[in-house]
Amino acid sequence: MNKDKALEELFLANKPHFDDSDAFMASLTKRLDAVEYIKQHQEATIRRYKMAVVVAFLAGLVVGGIAIAYLLESPTDAPLFNFDTHNIFVLEWLCSNSRLITVSAISLMMTVGITSFFGNIQEVLRMRQSLQH
């Protein structure tokens with residue numbers, strides 16, 4: 001509502017002079033073409049954002065599926081990574097808990113990816129709403 005009042009006041013305050021109707025129409029047409037160009041550019045940008053979000057989401061699903069399939073298909077008694085050390089307690093603990101660490105890291109990455117995916121969707125929707133108003 002405030003935007004409508006502000007625009008109404010702006011139009012009421014503006015008192016244009018119409019000396020030459022051909023020059024006025026040419027100027028008006030040029031300005032309207034510029035507005036239309038900007039609107040088309042914004043719509044194209046929103047389409048690119050949507051496509052990028054969909055591609056990133058599908059890539060995340062594929063990579064996450066491959067990682068989980070690898071974890072499920074690998075032998076459970078063998079660690080996923082090995083440092084070939086027997087002296088350092090931390091490295092031995094990492095080797096013995098490699099499956100749990102890997103699954104936790106994949107889950108964390110997928111959570112961050114899904115959260116950013118929905119954040120990007122909300123941003124695109126906000127951009128679309130601001131474009132319509």
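Just so you know, these numbers come straight off a predicted model, no measurement behind them.
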### Task
Can you measure from CZ (Arg31) to OG1 (Thr29) and round to the nearest 0.5 angstrom?
11.0 Å
#### Entry: Interatomic distance, Glu123 atom CD to Arg126 atom CZ [nearest 0.5 angstrom]
6.0 Å
Which pairs would a plain distance check flag for residues 113-122, meaning a side-chain donor or acceptor within less than 3.5 Å of a matching protein atom at least two apart in sequence or in another chain?
unit_1: Thr115; atom_1: OG1; unit_2: Thr111; atom_2: O; d: 2.7
unit_1: Ser116; atom_1: OG; unit_2: Val112; atom_2: O; d: 3.2
unit_1: Ser116; atom_1: OG; unit_2: Gly113; atom_2: O; d: 2.9
unit_1: Asn120; atom_1: ND2; unit_2: Ser116; atom_2: O; d: 3.3

### Residue among His41, Arg47, Glu43 satisfying side-chain contact (heavy atoms from CB on, under 4.5 Å) with Thr45
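One option only clears the test, and that one is His41.
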### Task
Determine, using the 4.5 Å side-chain heavy-atom cutoff (strictly less than), whether Met25 and Leu32 are members of one ILVMFWY cluster.
yes
